[in-house]
Amino acid sequence: MNNNHILAIAMAGLMVAPVFADDTPATGELLEGINMFTPEEGDPAYKVRANEKYGTQWAVDMAYGYWHSKNTRSDFNNNANLFLIHAQLNQRLIEDNVNGGTWLRAEFSGSWGLDKSSAKGARMLTDAFGSATYAHADIYGPHDGVLPELAIMQYFAGKRACLIAGMVNLTNYFDAVGPANDSFSSFTNDGFINSSVLALPDANAGAVLQVELNHKSYAMLGFSRETTSYGHNPFSSNGCSYLVVGEYGRTIFDGAAIIRINPFFRQVEEDDTKHHNAGIAASLEWEINDGVTVFARTGFAHKQDLGNAFDFTCGANLKLIPSREDDFLGVAAGVFKGTAPTENNREIVLEAMYSLQLNDYMKIVPHVQYIANPAYDAGSSDELITGVQAVFSF
(Lines give C-alpha, C1' and ligand atoms only; values in the text may rest on other atoms or scores of the structure.)
Protein backbone atom coordinates (compact mmCIF):
# COMPACT_ATOMS: atom_id res chain seq x y z
CA MET A 1 0.00 0.00 0.00
CA ASN A 2 1.67 3.23 -1.08
CA ASN A 3 1.70 6.33 1.03
CA ASN A 4 -1.02 8.08 -0.98
CA HIS A 5 -3.42 5.25 -0.34
CA ILE A 6 -3.65 4.79 3.41
CA LEU A 7 -7.00 3.17 2.98
CA ALA A 8 -10.25 2.85 4.82
CA ILE A 9 -10.16 -0.86 5.47
CA ALA A 10 -11.57 -1.10 8.94
CA MET A 11 -14.39 -3.21 7.56
CA ALA A 12 -12.30 -5.25 5.16
CA GLY A 13 -12.30 -8.16 7.59
CA LEU A 14 -15.92 -8.53 6.54
CA MET A 15 -14.94 -9.06 2.96
CA VAL A 16 -12.82 -12.16 2.90
CA ALA A 17 -14.25 -15.34 1.46
CA PRO A 18 -15.99 -17.11 4.36
CA VAL A 19 -14.74 -20.38 5.79
CA PHE A 20 -17.04 -23.33 5.17
CA ALA A 21 -15.85 -26.13 7.41
CA ASP A 22 -19.09 -28.11 7.59
CA ASP A 23 -21.24 -27.50 4.52
CA THR A 24 -20.72 -27.04 0.82
CA PRO A 25 -21.42 -23.38 0.05
CA ALA A 26 -24.32 -22.41 -2.16
CA THR A 27 -23.71 -20.96 -5.59
CA GLY A 28 -22.58 -17.37 -5.29
CA GLU A 29 -21.67 -17.62 -1.62
CA LEU A 30 -17.96 -17.06 -2.23
CA LEU A 31 -18.63 -13.74 -3.96
CA GLU A 32 -21.19 -12.78 -1.33
CA GLY A 33 -18.50 -13.34 1.29
CA ILE A 34 -16.27 -10.84 -0.51
CA ASN A 35 -18.85 -8.15 -1.30
CA MET A 36 -21.61 -8.24 1.29
CA PHE A 37 -21.59 -7.42 5.00
CA THR A 38 -21.91 -10.89 6.47
CA PRO A 39 -21.09 -12.19 9.97
CA GLU A 40 -19.02 -15.22 8.95
CA GLU A 41 -15.97 -13.92 10.79
CA GLY A 42 -17.77 -14.57 14.08
CA ASP A 43 -16.96 -11.13 15.52
CA PRO A 44 -19.86 -9.52 17.41
CA ALA A 45 -18.67 -6.15 16.09
CA TYR A 46 -19.85 -7.26 12.65
CA LYS A 47 -23.35 -8.47 13.33
CA VAL A 48 -25.51 -7.60 10.36
CA ARG A 49 -27.82 -4.63 10.81
CA ALA A 50 -29.61 -5.00 7.50
CA ASN A 51 -33.13 -3.92 6.63
CA GLU A 52 -34.16 -6.87 4.49
CA LYS A 53 -37.36 -5.22 3.29
CA TYR A 54 -35.51 -2.39 1.56
CA GLY A 55 -32.30 -4.28 0.75
CA THR A 56 -30.09 -2.13 2.98
CA GLN A 57 -26.89 -3.31 4.61
CA TRP A 58 -24.74 -0.97 6.67
CA ALA A 59 -21.98 -1.09 9.23
CA VAL A 60 -20.19 1.61 11.23
CA ASP A 61 -16.99 1.51 13.28
CA MET A 62 -15.95 4.42 15.49
CA ALA A 63 -12.79 4.54 17.59
CA TYR A 64 -10.97 6.76 20.02
CA GLY A 65 -7.23 6.12 19.92
CA TYR A 66 -4.26 7.30 21.93
CA TRP A 67 -0.77 6.77 20.49
CA HIS A 68 2.68 7.36 21.96
CA SER A 69 6.14 7.02 20.44
CA LYS A 70 9.31 6.67 22.49
CA ASN A 71 11.77 7.88 19.86
CA THR A 72 9.90 10.36 17.69
CA ARG A 73 12.11 12.92 15.96
CA SER A 74 12.15 16.41 17.43
CA ASP A 75 10.00 17.86 14.63
CA PHE A 76 7.16 15.40 15.31
CA ASN A 77 4.77 15.04 18.22
CA ASN A 78 5.25 11.94 20.33
CA ASN A 79 1.59 11.71 21.39
CA ALA A 80 -1.63 11.72 19.41
CA ASN A 81 -5.28 11.66 20.46
CA LEU A 82 -7.46 10.59 17.57
CA PHE A 83 -11.06 10.00 16.63
CA LEU A 84 -11.63 7.66 13.69
CA ILE A 85 -14.75 6.52 11.87
CA HIS A 86 -15.47 4.13 9.06
CA ALA A 87 -18.88 3.46 7.53
CA GLN A 88 -20.08 1.32 4.64
CA LEU A 89 -23.40 0.95 2.90
CA ASN A 90 -24.79 -1.60 0.45
CA GLN A 91 -28.14 -0.41 -0.92
CA ARG A 92 -30.06 -2.66 -3.28
CA LEU A 93 -31.39 -0.68 -6.25
CA ILE A 94 -32.95 -3.47 -8.33
CA GLU A 95 -34.04 -6.77 -6.79
CA ASP A 96 -33.25 -9.99 -8.64
CA ASN A 97 -33.38 -13.11 -6.49
CA VAL A 98 -32.04 -15.31 -9.27
CA ASN A 99 -28.99 -13.28 -10.25
CA GLY A 100 -28.37 -11.19 -7.12
CA GLY A 101 -29.58 -7.78 -8.21
CA THR A 102 -28.10 -4.30 -8.63
CA TRP A 103 -26.55 -2.50 -5.66
CA LEU A 104 -25.04 0.84 -4.72
CA ARG A 105 -21.85 0.64 -2.65
CA ALA A 106 -20.70 3.64 -0.61
CA GLU A 107 -17.88 4.06 1.90
CA PHE A 108 -16.76 6.89 4.18
CA SER A 109 -13.74 7.15 6.49
CA GLY A 110 -12.32 9.91 8.59
CA SER A 111 -9.66 10.66 11.20
CA TRP A 112 -9.40 13.77 13.37
CA GLY A 113 -6.92 14.95 15.96
CA LEU A 114 -8.66 15.73 19.28
CA ASP A 115 -6.20 18.34 20.53
CA LYS A 116 -3.90 20.98 19.06
CA SER A 117 -0.79 18.80 19.04
CA SER A 118 -2.70 15.98 17.35
CA ALA A 119 -4.11 18.13 14.56
CA LYS A 120 -3.15 17.12 11.04
CA GLY A 121 -1.14 20.29 10.47
CA ALA A 122 0.94 19.65 13.60
CA ARG A 123 2.70 16.60 12.11
CA MET A 124 1.41 14.01 14.53
CA LEU A 125 3.62 11.06 15.40
CA THR A 126 2.04 8.66 12.90
CA ASP A 127 3.32 10.80 10.03
CA ALA A 128 6.88 10.01 11.06
CA PHE A 129 7.24 6.35 10.29
CA GLY A 130 8.05 4.27 7.31
CA SER A 131 7.97 4.44 3.56
CA ALA A 132 6.50 0.96 3.81
CA THR A 133 4.62 1.15 7.09
CA TYR A 134 2.68 3.69 9.11
CA ALA A 135 1.79 3.19 12.74
CA HIS A 136 -1.94 3.39 11.96
CA ALA A 137 -3.33 2.58 8.54
CA ASP A 138 -6.41 4.79 8.92
CA ILE A 139 -4.68 8.12 9.53
CA TYR A 140 -5.39 10.26 6.48
CA GLY A 141 -2.60 12.80 6.52
CA PRO A 142 -3.97 16.30 5.82
CA HIS A 143 -7.44 14.89 5.00
CA ASP A 144 -10.08 14.64 7.73
CA GLY A 145 -12.84 12.77 5.91
CA VAL A 146 -12.54 10.77 2.69
CA LEU A 147 -14.81 8.86 0.32
CA PRO A 148 -12.84 5.77 -0.81
CA GLU A 149 -15.67 4.15 -2.80
CA LEU A 150 -18.91 5.03 -4.56
CA ALA A 151 -19.79 2.40 -7.14
CA ILE A 152 -22.50 0.27 -8.72
CA MET A 153 -22.38 -3.48 -8.11
CA GLN A 154 -24.19 -5.70 -10.62
CA TYR A 155 -24.56 -9.45 -10.08
CA PHE A 156 -25.32 -11.76 -13.01
CA ALA A 157 -25.01 -15.35 -14.25
CA GLY A 158 -27.07 -16.77 -11.40
CA LYS A 159 -24.95 -15.01 -8.72
CA ARG A 160 -21.77 -16.59 -10.08
CA ALA A 161 -20.42 -13.32 -11.47
CA CYS A 162 -20.34 -9.69 -10.41
CA LEU A 163 -19.15 -6.38 -11.85
CA ILE A 164 -18.34 -3.37 -9.63
CA ALA A 165 -17.69 -0.08 -11.45
CA GLY A 166 -17.36 3.58 -10.55
CA MET A 167 -15.07 5.07 -7.93
CA VAL A 168 -13.64 1.89 -6.43
CA ASN A 169 -11.55 0.90 -3.44
CA LEU A 170 -9.53 -2.12 -4.56
CA THR A 171 -8.65 -3.10 -0.98
CA ASN A 172 -12.30 -4.03 -0.46
CA TYR A 173 -11.83 -6.93 -2.87
CA PHE A 174 -8.17 -7.88 -3.28
CA ASP A 175 -5.67 -9.21 -0.74
CA ALA A 176 -8.34 -9.22 1.98
CA VAL A 177 -6.59 -11.46 4.52
CA GLY A 178 -9.07 -11.67 7.39
CA PRO A 179 -6.76 -11.84 10.44
CA ALA A 180 -4.76 -8.81 9.21
CA ASN A 181 -7.08 -6.53 7.28
CA ASP A 182 -8.88 -4.43 9.90
CA SER A 183 -7.02 -1.61 11.64
CA PHE A 184 -9.85 -0.96 14.09
CA SER A 185 -10.13 -4.43 15.60
CA SER A 186 -6.80 -6.07 14.73
CA PHE A 187 -3.31 -4.87 13.72
CA THR A 188 -2.94 -1.16 12.95
CA ASN A 189 0.45 -0.94 11.23
CA ASP A 190 -0.39 -0.67 7.55
CA GLY A 191 2.34 -3.12 6.60
CA PHE A 192 -0.03 -5.81 7.90
CA ILE A 193 -3.24 -4.44 6.38
CA ASN A 194 -2.40 -5.00 2.71
CA SER A 195 0.66 -6.01 0.73
CA SER A 196 3.03 -3.05 0.36
CA VAL A 197 4.13 -4.46 -3.00
CA LEU A 198 0.61 -4.41 -4.46
CA ALA A 199 -0.05 -0.74 -3.55
CA LEU A 200 -3.81 -1.01 -4.09
CA PRO A 201 -5.48 2.36 -4.83
CA ASP A 202 -8.86 3.72 -3.79
CA ALA A 203 -10.99 6.79 -4.61
CA ASN A 204 -10.20 6.45 -8.33
CA ALA A 205 -12.18 5.43 -11.38
CA GLY A 206 -12.06 1.68 -11.87
CA ALA A 207 -13.84 -1.63 -12.12
CA VAL A 208 -13.68 -5.13 -10.67
CA LEU A 209 -14.95 -8.28 -12.43
CA GLN A 210 -15.52 -11.33 -10.23
CA VAL A 211 -16.30 -14.90 -11.29
CA GLU A 212 -17.00 -17.85 -9.02
CA LEU A 213 -15.31 -20.78 -10.76
CA ASN A 214 -16.75 -23.48 -8.51
CA HIS A 215 -17.71 -23.96 -4.87
CA LYS A 216 -14.04 -23.75 -3.81
CA SER A 217 -12.46 -21.11 -6.03
CA TYR A 218 -12.99 -17.73 -7.65
CA ALA A 219 -11.13 -15.28 -9.89
CA MET A 220 -11.11 -11.48 -10.02
CA LEU A 221 -9.68 -8.86 -12.34
CA GLY A 222 -9.46 -5.23 -11.28
CA PHE A 223 -8.46 -1.97 -12.93
CA SER A 224 -8.03 1.39 -11.23
CA ARG A 225 -6.48 4.69 -12.14
CA GLU A 226 -4.03 6.20 -9.64
CA THR A 227 -4.17 9.82 -10.74
CA THR A 228 -6.79 11.17 -8.32
CA SER A 229 -6.20 12.24 -4.72
CA TYR A 230 -8.96 12.44 -2.11
CA GLY A 231 -11.53 15.14 -2.78
CA HIS A 232 -10.91 15.42 -6.51
CA ASN A 233 -12.84 14.18 -9.52
CA PRO A 234 -11.93 10.48 -9.98
CA PHE A 235 -12.88 10.65 -13.66
CA SER A 236 -10.60 13.59 -14.54
CA SER A 237 -8.18 13.08 -17.42
CA ASN A 238 -5.04 14.18 -15.60
CA GLY A 239 -2.14 11.74 -15.94
CA CYS A 240 -2.02 8.14 -17.04
CA SER A 241 -1.13 6.15 -13.92
CA TYR A 242 -3.05 2.94 -13.34
CA LEU A 243 -2.96 -0.52 -11.78
CA VAL A 244 -4.24 -3.79 -13.23
CA VAL A 245 -4.47 -6.59 -10.65
CA GLY A 246 -5.86 -10.10 -10.61
CA GLU A 247 -6.71 -12.55 -7.88
CA TYR A 248 -7.21 -16.29 -7.82
CA GLY A 249 -8.58 -17.59 -4.53
CA ARG A 250 -9.16 -21.16 -3.46
CA THR A 251 -10.33 -22.70 -0.22
CA ILE A 252 -8.35 -25.72 1.01
CA PHE A 253 -8.34 -28.07 3.99
CA ASP A 254 -12.11 -28.59 3.69
CA GLY A 255 -12.68 -24.85 3.74
CA ALA A 256 -10.57 -24.11 6.83
CA ALA A 257 -8.00 -22.16 4.82
CA ILE A 258 -7.82 -19.99 1.74
CA ILE A 259 -4.94 -19.09 -0.55
CA ARG A 260 -4.86 -15.99 -2.76
CA ILE A 261 -2.53 -15.20 -5.66
CA ASN A 262 -2.34 -11.64 -7.03
CA PRO A 263 -0.42 -10.82 -10.23
CA PHE A 264 -0.30 -7.13 -11.11
CA PHE A 265 0.93 -4.58 -13.63
CA ARG A 266 1.39 -0.91 -12.81
CA GLN A 267 2.10 2.22 -14.83
CA VAL A 268 3.12 5.46 -13.13
CA GLU A 269 3.45 8.71 -15.08
CA GLU A 270 5.81 11.30 -13.62
CA ASP A 271 6.89 14.46 -15.47
CA ASP A 272 5.57 13.07 -18.77
CA THR A 273 7.66 9.91 -18.29
CA LYS A 274 5.91 6.57 -17.93
CA HIS A 275 7.38 3.94 -15.62
CA HIS A 276 6.22 0.34 -15.54
CA ASN A 277 6.30 -2.35 -12.92
CA ALA A 278 4.98 -5.90 -12.59
CA GLY A 279 4.98 -8.46 -9.86
CA ILE A 280 3.03 -10.97 -7.83
CA ALA A 281 1.74 -11.29 -4.29
CA ALA A 282 0.35 -14.29 -2.46
CA SER A 283 -1.29 -14.96 0.88
CA LEU A 284 -2.57 -17.76 3.09
CA GLU A 285 -4.96 -17.64 6.02
CA TRP A 286 -5.77 -20.80 7.94
CA GLU A 287 -8.12 -21.41 10.84
CA ILE A 288 -6.20 -24.30 12.39
CA ASN A 289 -8.80 -24.77 15.12
CA ASP A 290 -11.32 -22.69 17.08
CA GLY A 291 -8.51 -21.00 19.01
CA VAL A 292 -5.78 -20.44 16.41
CA THR A 293 -5.84 -18.64 13.06
CA VAL A 294 -2.60 -17.95 11.19
CA PHE A 295 -1.76 -15.89 8.13
CA ALA A 296 1.18 -15.17 5.82
CA ARG A 297 1.71 -12.74 2.94
CA THR A 298 4.55 -12.18 0.51
CA GLY A 299 5.08 -10.11 -2.59
CA PHE A 300 7.74 -9.50 -5.25
CA ALA A 301 8.01 -6.64 -7.74
CA HIS A 302 10.24 -6.25 -10.78
CA LYS A 303 11.33 -2.64 -10.14
CA GLN A 304 12.02 -0.96 -6.83
CA ASP A 305 11.64 2.62 -8.03
CA LEU A 306 7.84 2.27 -8.15
CA GLY A 307 7.41 0.90 -4.64
CA ASN A 308 8.64 -1.90 -2.44
CA ALA A 309 10.43 -4.74 -4.18
CA PHE A 310 9.67 -7.39 -1.55
CA ASP A 311 7.66 -7.94 1.59
CA PHE A 312 6.89 -10.87 3.86
CA THR A 313 4.50 -10.75 6.80
CA CYS A 314 3.10 -13.45 9.04
CA GLY A 315 1.20 -13.72 12.28
CA ALA A 316 -1.54 -15.35 14.29
CA ASN A 317 -4.71 -14.64 16.24
CA LEU A 318 -4.89 -16.69 19.44
CA LYS A 319 -7.90 -17.13 21.71
CA LEU A 320 -6.25 -17.47 25.12
CA ILE A 321 -9.36 -17.75 27.33
CA PRO A 322 -11.87 -20.39 26.15
CA SER A 323 -14.69 -18.80 28.11
CA ARG A 324 -14.15 -15.53 26.21
CA GLU A 325 -14.49 -16.71 22.65
CA ASP A 326 -14.62 -13.21 21.15
CA ASP A 327 -11.30 -12.07 22.68
CA PHE A 328 -7.98 -12.77 20.99
CA LEU A 329 -4.29 -11.96 21.08
CA GLY A 330 -2.73 -10.95 17.78
CA VAL A 331 0.99 -11.17 17.00
CA ALA A 332 2.60 -10.28 13.66
CA ALA A 333 6.02 -9.73 12.11
CA GLY A 334 7.07 -8.31 8.76
CA VAL A 335 10.13 -7.48 6.69
CA PHE A 336 10.00 -4.96 3.84
CA LYS A 337 12.57 -4.21 1.15
CA GLY A 338 12.49 -0.58 0.14
CA THR A 339 13.50 1.49 -2.83
CA ALA A 340 16.97 2.53 -1.71
CA PRO A 341 19.71 0.61 -3.61
CA THR A 342 21.80 0.29 -0.45
CA GLU A 343 22.37 -2.21 2.30
CA ASN A 344 20.04 -0.19 4.49
CA ASN A 345 16.87 -0.98 2.56
CA ARG A 346 15.17 -3.38 4.99
CA GLU A 347 12.50 -2.34 7.46
CA ILE A 348 11.35 -4.80 10.12
CA VAL A 349 8.08 -4.42 11.99
CA LEU A 350 6.71 -6.34 14.99
CA GLU A 351 3.26 -5.78 16.45
CA ALA A 352 1.22 -7.31 19.27
CA MET A 353 -2.37 -6.41 20.14
CA TYR A 354 -5.22 -7.75 22.24
CA SER A 355 -8.93 -7.44 21.43
CA LEU A 356 -10.98 -7.30 24.63
CA GLN A 357 -14.67 -7.55 23.69
CA LEU A 358 -16.76 -5.81 26.35
CA ASN A 359 -20.14 -6.35 24.69
CA ASP A 360 -21.64 -6.68 21.22
CA TYR A 361 -20.88 -3.05 20.46
CA MET A 362 -17.64 -2.12 22.23
CA LYS A 363 -14.10 -3.44 22.53
CA ILE A 364 -10.80 -2.20 23.93
CA VAL A 365 -7.74 -2.89 21.74
CA PRO A 366 -4.23 -2.08 23.08
CA HIS A 367 -1.25 -2.25 20.69
CA VAL A 368 2.54 -2.22 20.82
CA GLN A 369 4.81 -1.90 17.77
CA TYR A 370 8.55 -2.09 17.25
CA ILE A 371 9.94 -0.73 13.96
CA ALA A 372 13.58 -1.37 13.08
CA ASN A 373 15.18 0.91 10.48
CA PRO A 374 12.04 3.05 10.04
CA ALA A 375 11.64 4.57 6.57
CA TYR A 376 14.90 2.86 5.56
CA ASP A 377 16.80 5.71 7.20
CA ALA A 378 20.14 4.73 8.76
CA GLY A 379 20.07 7.92 10.82
CA SER A 380 16.73 7.11 12.47
CA SER A 381 16.45 5.33 15.81
CA ASP A 382 14.38 2.20 16.05
CA GLU A 383 10.85 3.09 17.11
CA LEU A 384 8.71 1.75 19.94
CA ILE A 385 5.06 2.76 19.60
CA THR A 386 2.24 2.03 22.03
CA GLY A 387 -1.43 2.74 21.60
CA VAL A 388 -4.93 1.80 22.64
CA GLN A 389 -8.26 2.07 20.85
CA ALA A 390 -11.79 2.03 22.19
CA VAL A 391 -13.84 0.71 19.27
CA PHE A 392 -17.61 1.07 18.95
CA SER A 393 -19.26 -1.00 16.22
CA PHE A 394 -22.82 -0.94 14.97
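This is a predicted model, so every value here is computed, not measured. Numbers for residues simply follow the sequence, beginning at 1.
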- Item | Test side chain to side chain contact (heavy atoms under 4.5 Å, CB included) applied to L329 and N317, step by step | CA-CA 6 Å; L329 169 70; N317 286 349; over 6 Å; no
- Task: Test N97 against E95 for side chain to side chain contact (heavy atoms under 4.5 Å, CB included), laying out the working first.
- Result: CA-CA 6 Å; N97 293 329; E95 186 173 5; 3.4 Å; yes
- Trace of the side-chain hydrogen bond (donor to acceptor under 3.5 Å, both in side chains) decision for Q267 with N277: CA-CA 7 Å; Q267 175 176 289; N277 197 10; over 6 Å; no
- Query: Do V368 and I385 pass the side chain to side chain contact (heavy atoms under 4.5 Å, CB included) test, and can you show the C-alpha distance, the side-chain angles, and the key distance before you say yes or no?
  - Reply: CA-CA 6 Å; V368 60; I385 301 168; over 6 Å; no
- Message: Set out, in order, the CA-CA distance, both residues' side-chain angles and the distance that settles side-chain hydrogen bond (donor to acceptor under 3.5 Å, both in side chains) for S196 and N308, then state yes or no.
- Response: CA-CA 6 Å; S196 66; N308 284 334; 3.0 Å; yes
- Would E325 and D290 satisfy side chain to side chain contact (heavy atoms under 4.5 Å, CB included), going step by step from the backbone distance to the final call? CA-CA 9 Å; E325 61 180 19; D290 289 341; over 6 Å; no
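A salt bridge is absent between R160 and E212; no separation between the charged side-chain nitrogens and carboxylate oxygens falls under 4.0 Å. For D175 and R297, the salt-bridge test passes: some basic side-chain N is under 4.0 Å from an acidic carboxylate O. Salt-bridge annotation for R266 and E226: present, with a side-chain N of the basic residue lying under 4.0 Å from a carboxylate O of the acidic one.
Side-chain atoms of S355 and D327 form no donor-acceptor pair, as typed in the model, at a separation below 3.5 Å. Using modelled atom types and a 3.5 Å distance limit, the side chains of H275 and E269 yield no donor-acceptor pair. When only modelled atom types and interatomic distance are considered, H367 and E351 share a side-chain donor-acceptor pair under 3.5 Å. When only modelled atom types and interatomic distance are considered, D138 and S111 share no side-chain donor-acceptor pair under 3.5 Å. In the model, Q154 has a side-chain atom that pairs as donor or acceptor with a side-chain atom of T102 under 3.5 Å. N78 and S69 share no side-chain donor-acceptor pair at under 3.5 Å. Judged purely by distance below 3.5 Å, without hydrogens or angles, the side chains of H68 and N79 pair a donor atom with an acceptor atom. No hydrogens or angles considered: nothing links the side chains of N189 and Y134 as a donor-acceptor pair under 3.5 Å. Side chain to side chain, E107 and H86 meet the donor-acceptor criterion of an N or O pair below 3.5 Å. Looking at N262 and Y248, their side chains never bring a donor and an acceptor atom within 3.5 Å of each other. Side chains of T188 and Q369: a donor on one and an acceptor on the other come within 3.5 Å.
The ring pair (Phe, Tyr, Trp, His ring centres under 6.0 Å) test applied to F265 returns H276, not counting sequence neighbours. Looking at residues two or more places apart in sequence or on another chain, you find no salt bridge (charged side-chain N to carboxylate O under 4.0 Å, His left out) involving D96. For the ring pair (Phe, Tyr, Trp, His ring centres under 6.0 Å) test, no residue two or more places apart in sequence or in another chain qualifies with F83.
Side-chain contact between C162 and Y155: present, with at least one pair of heavy atoms (C-beta onward) separated by less than 4.5 Å. Side-chain atoms of Q389 and K363, non-hydrogen and from C-beta on, never get closer than 4.5 Å to each other. Residues M62 and V60 meet the side-chain proximity criterion, which asks for heavy atoms closer than 4.5 Å. The closest side-chain heavy-atom distance from Y218 to R260 is below 4.5 Å. In this structure the side chain of F310 never reaches within 4.5 angstrom of the side chain of F336, judged on heavy atoms. The shortest distance between side-chain heavy atoms of L221 and V208 does not fall below 4.5 Å. Within the 4.5 Å cutoff, side-chain heavy atoms of I261 are placed close to those of I280. The shortest distance between side-chain heavy atoms of D382 and I371 does not fall below 4.5 Å.
Side-chain atoms of N289 come within 3.5 Å of backbone N or O of G291 as a donor-acceptor pair.
Here the CG atom belonging to N194 is positioned 10.0 Å from the OG1 atom belonging to T313, to the nearest 0.5 angstrom. Rounded to the nearest 0.5 angstrom, D360 CG and F394 CZ are separated by 11.5 Å. Summarising the geometry, atom CE belonging to M220 is positioned 9.0 Å from atom CG belonging to L170; distances are rounded to the nearest 0.5 Å. Annotation: the span from E29 atom CD to H215 atom NE2 amounts to 9.5 Å, rounded to 0.5 Å. Taking CD1 of I259 as the start and CD1 of I252 as the end, the distance is 5.5 Å to the nearest 0.5 Å. Note that OG of S195 and CZ of F174 are 13.5 Å apart. Values are rounded to the nearest 0.5 Å.
Linking ILVMFWY side-chain heavy atoms closer than 4.5 Å, directly or via other members, places L147 and L104 in a single hydrophobic cluster. Linking ILVMFWY residues whenever their side-chain heavy atoms come closer than 4.5 Å, directly or via other members, leaves L163 and V245 in distinct clusters. L209 is not connected to L200 by any chain of hydrophobic side-chain contacts under 4.5 Å among Ile, Leu, Val, Met, Phe, Trp and Tyr, and they are in different clusters. I321 is connected to M362 through a chain of hydrophobic side-chain contacts under 4.5 Å among Ile, Leu, Val, Met, Phe, Trp and Tyr, so both are in one cluster. Residues I364 and L320 share a single hydrophobic cluster, defined by chaining ILVMFWY side chains whose heavy atoms lie under 4.5 Å apart.
The aromatic ring centroids of W286 and F295 lie 6.0 Å or more from each other. Taking the six-membered ring for Trp and the full ring otherwise, the centers of F328 and Y354 sit at least 6.0 Å from each other.
The shortest non-hydrogen separation linking F300 to F264 is O-CE2, 4.1 Å. Considering all non-hydrogen atoms of both residues, S109 and Y140 come closest at CB-OH, 3.2 Å. Considering every non-hydrogen atom in both E247 and Y173, the closest pair reads OE2-O, 4.0 Å. Shown here for E285 and P179, the closest heavy-atom pair between the two residues is OE1-CD, 3.5 Å. The two atoms that bring A137 and S183 nearest to each other are CB-CB, 4.2 Å, heavy atoms only. Nearest approach of A180 to F187, heavy atoms of both residues: CB-CD1, 4.0 Å.
Of the residues N90, L93, I164, the one that meets the side chain to side chain contact (heavy atoms under 4.5 Å, CB included) test with W103 is N90. A side chain to side chain contact (heavy atoms under 4.5 Å, CB included) with W112 is found for one member of N81, D144, L82, L84 and no other, namely D144.
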